[in-house]
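Have a look at the structure below before the remarks.
Just so you know, these numbers use all the heavy atoms, side chains as well, and skip hydrogens, waters and symmetry mates. Bear in mind that the values here come from a model prediction, so they are computed numbers and not experimental data.
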Amino acid sequence: MNRISCSRTRLWCVGIIMLSASLLQAENVLESVRRTDLNDYALGVGLSLGENPFAGADSSGFAYPYLTTLEHPAFTRNWFVIRDGNFGVRYVTDNEWEFGFLARVQTLGLGSTDNEEVIGLVDRGWTLETGPTIGYRRFPVHVGLSAYGGLIGRRDGYSAELQFSLPRQYEWGYVVPSVELKYLSDTYADYYFGVNDNETIPGRPTYQPGAVLNPYVALRVGYRLGEHWMLNGKLGLEFLDSAVTESPIVDKDKVLSASVGVAYNVDVFRPRRYDPARGAPRSVELRIGAFNSTVDSTVQRFSSEGRPGDKVDVESVLGVPDRDTVLQADLVMRFAFYHRLEIGYFGFDRRSRAVLEEDLTVGEEVFPAGTSVETTSDSETLQFVYGYSLMRDGQKELGLSAGVHYSRSEIVLFADETNQRVELETEVPLPTIGAFGSVGLANHWSVQAEARVFALEFDRYEGTMGYFAVRLERDFGEHFTAGVGFNFYTIRLEGLDSSLRGVYDATRRGPLAYLGMQF
């Protein structure tokens, strides 16, 4: 019997249930959401500075664009909330309870690659974290609790934040001091601050901090520079738990962070109504494009006795090209205005021949060093997705999706001189959940994005999948479009029974250019 485990997506499930329950209790909430005008928001440019807790790592800083309002979210009831780098949706009841679902990008990493203090450590990669939030705003001191779990990558665990804040609003702006407690589960803290067996060197032993609790204090300030301008900033100090500071890869006991930004409220988006000159939106969209991707993939095949073979980097060890340009096709069919069906496809077909520099064990076969190995690597991705638009008008669209992601991968290794051949094949449908959206800009331009994720144990496989795409598109008349974009796709499949025991791990990312038709 098929088994589906939502262990990595339970925060999604909890958040959606919490938010849906609160929305169902409110009258006309969905219509209120659909009346949102993006021109009520402000566009800004910010600068973020922060210390890195890892040994030998320098402080970092980066500039970024952002979307905000000219008021702090503590004083508004907007369903779409942007707060401290988080973004998401919420519902505020008449009794000042707040229920929502947030997302953020976690960028904590080891720092620059030339940092000698962290040589031999596996980099702590970025991820998208999501989860539910709940708060109460009737007291002078606002209370909020949020939890986050990673959607991209293969880290386990979660983090949670309990915040006590004292928002104060003035004619010139606002001041929001806060005290927070940041909890990291044991597996979450071990991922970022632990040292596993493969990372040990003299002076850097194995270490696992376990669950930790970091106090945090912050001050947020917003100052109006005029009717349409807002200057805002934040200063924060996080005190690291002793279990973190005792890690051999951490050399700080507190971390300081700061950000400053300026935002301007200007009508850069299209009006909400549809342009009468262009008529109603089209019901069918077809995009045909070229996806130029960088591919990073590894395979590992176990023997029939369960003995693990070598983890093979397909591109560096077997010489398979790490870049390829392939056809990508997407068809979107809309019905009943707020509903849509989407079908997407792209595939890869790569060939190579390489001389092995050392022995290679794949399943039952051992390819000796010096053997010339011919490799074929084929993969296909097909997606069937249903989407429902929570809002859709001439200015914007935002919706939720669910569907099936079909993935097939086949890697064949063949050595003429030793007459050895190994096939590694995975073929499995994975259910997905996700979101999609678009905003219309002036002069016939629009920005579109979509994301889909899932993690499960299904039939004979255990797998995780993440897909993200962003596009910049321009309309040419009523029926034709052209655009450029960026795709990020990651998948990991592990065969669970003895005949299929193995692991396939691949990431594809790169630019996309396409032409489209609407009718």
Donor-acceptor pair, [X] side chain versus [Y] backbone, under 3.5 Å?
{"X": "Glu246", "Y": "Ala243", "answer": "no"}
{"X": "Ser257", "Y": "Gly50", "answer": "no"}
{"X": "Asp241", "Y": "Asn214", "answer": "no"}
{"X": "Lys234", "Y": "Ser48", "answer": "no"}
{"X": "Thr69", "Y": "Glu71", "answer": "yes"}
{"X": "Asn52", "Y": "Phe54", "answer": "yes"}
{"X": "Arg509", "Y": "Val295", "answer": "no"}

Quick one: is the NZ or CZ of Arg340 closer than 6.0 Å to the six-membered ring centre of Phe436, and within 45° of its axis?
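Yes.
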Answer yes or no for Lys182 and Tyr216: cation-pi contact, defined as NZ/CZ to six-membered ring centre under 6.0 Å and angle to ring axis within 45°.
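Lys182 over Tyr216 ring: yes.
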Check for me whether the distance between the ring centres of Phe62 and Tyr64 falls short of 6.0 Å.
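Yes, close enough.
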Before we go on, tell me: are the rings of Phe291 and Tyr514 under 6.0 Å apart, centre to centre?
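No: the rings miss the under 6.0 Å criterion.
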Using 30° and 60° as the class boundaries, would you call the ring planes of Phe99 and Trp97 parallel, tilted or perpendicular?
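Rings of Phe99 and Trp97: parallel, as their planes differ by under 30°.
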Between [Y] and [X], is there a side-chain heavy-atom distance shorter than 4.5 Å?
{"X": "Trp79", "Y": "Tyr91", "answer": "no"}
{"X": "Leu108", "Y": "Phe193", "answer": "yes"}
{"X": "Arg471", "Y": "Glu450", "answer": "yes"}
{"X": "Leu512", "Y": "Gln328", "answer": "yes"}
{"X": "Ser165", "Y": "Val141", "answer": "no"}
{"X": "Trp229", "Y": "Leu70", "answer": "no"}
{"X": "Gln383", "Y": "Tyr406", "answer": "no"}
{"X": "Asn232", "Y": "Val221", "answer": "no"}

Evaluate Glu238 against Lys252 for salt bridge (Lys or Arg N to Asp or Glu O under 4.0 Å), listing each step before the verdict.
CA-CA 11 Å; Glu238 183 172 359; Lys252 295 180 179 65; over 6 Å; no
Looking at [Y] and [X], is any side-chain nitrogen of the basic one under 4.0 Å from a carboxylate oxygen of the acidic one?
{"X": "Glu161", "Y": "Arg104", "result": "yes"}
{"X": "Arg83", "Y": "Glu98", "result": "yes"}
{"X": "Arg287", "Y": "Glu473", "result": "no"}
{"X": "Arg272", "Y": "Asp37", "result": "no"}

Within the 3.5 Å criterion, strictly below it, is a donor on Ser146 or Thr133 matched to an acceptor on the partner's side chain?
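Their side chains do contain a donor-acceptor pair, which is all the 3.5 Å distance test asks for.
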Asp296 vs Thr507, test: side-chain hydrogen bond (donor to acceptor under 3.5 Å, both in side chains). Steps then yes/no.
CA-CA 5 Å; Asp296 299 312; Thr507 298; 5.8 Å; no
Verdict with supporting geometry, Ile433 and Arg452, side chain to side chain contact (heavy atoms under 4.5 Å, CB included):
CA-CA 6 Å; Ile433 57 175; Arg452 299 173 196 141; over 6 Å; no
More than 12 heavy atoms of other residues, nucleotides or ligands under 6.0 Å from CD of Glu96: yes or no?
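Count over threshold, so yes.
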Other residues, nucleotides and ligands only: do more than 12 of their heavy atoms fall within 6.0 Å of CZ on Phe335?
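It does: Phe335 CZ has more than 12 such atoms within range.
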With side-chain hydrogen bond (donor to acceptor under 3.5 Å, both in side chains) as the criterion, how do Asn95 and Tyr136 come out once you've worked through the C-alpha distance, each side chain's angles and the decisive distance to 0.1 Å?
CA-CA 8 Å; Asn95 294 325; Tyr136 187 68; over 6 Å; no
Please report the shortest heavy-atom distance between [X] and [Y], naming the atom on each side.
{"X": "Asp330", "Y": "Gly344", "answer": "OD1-CA, 3.6 Å"}
{"X": "Ala189", "Y": "Gly210", "answer": "CB-O, 3.2 Å"}
{"X": "Asn487", "Y": "Ala469", "answer": "OD1-CB, 3.4 Å"}
{"X": "Pro53", "Y": "Leu240", "answer": "CB-CD1, 4.0 Å"}
{"X": "Val195", "Y": "Pro248", "answer": "CG2-CG, 3.8 Å"}
{"X": "Arg77", "Y": "Thr93", "answer": "NH1-O, 3.1 Å"}

Stepwise ring pair (Phe, Tyr, Trp, His ring centres under 6.0 Å) check, Tyr223 with Tyr174
CA-CA 7 Å; Tyr223 185 81; Tyr174 62 81; over 10 Å; no
side-chain hydrogen bond (donor to acceptor under 3.5 Å, both in side chains) between Glu129 and Tyr158: does it pass, once the steps are laid out?
CA-CA 9 Å; Glu129 297 183 333; Tyr158 65 95; over 6 Å; no
Ser178 and Glu180: CA distance, side-chain angles, deciding distance, side-chain hydrogen bond (donor to acceptor under 3.5 Å, both in side chains) verdict:
CA-CA 6 Å; Ser178 67; Glu180 304 172 27; 3.2 Å; yes
Walk me through it: do Val453 and Met465 pass the test side chain to side chain contact (heavy atoms under 4.5 Å, CB included)?
CA-CA 5 Å; Val453 296; Met465 188 280 295; 6.0 Å; no
Which is it for Glu285 and Arg334 under the salt bridge (Lys or Arg N to Asp or Glu O under 4.0 Å) test, yes or no, and what are the steps along the way?
CA-CA 9 Å; Glu285 304 170 42; Arg334 299 178 179 272; 3.0 Å; yes
Worked verdict on His142 versus Phe75 for ring pair (Phe, Tyr, Trp, His ring centres under 6.0 Å):
CA-CA 11 Å; His142 292 195; Phe75 310 111; 7.4 Å; no
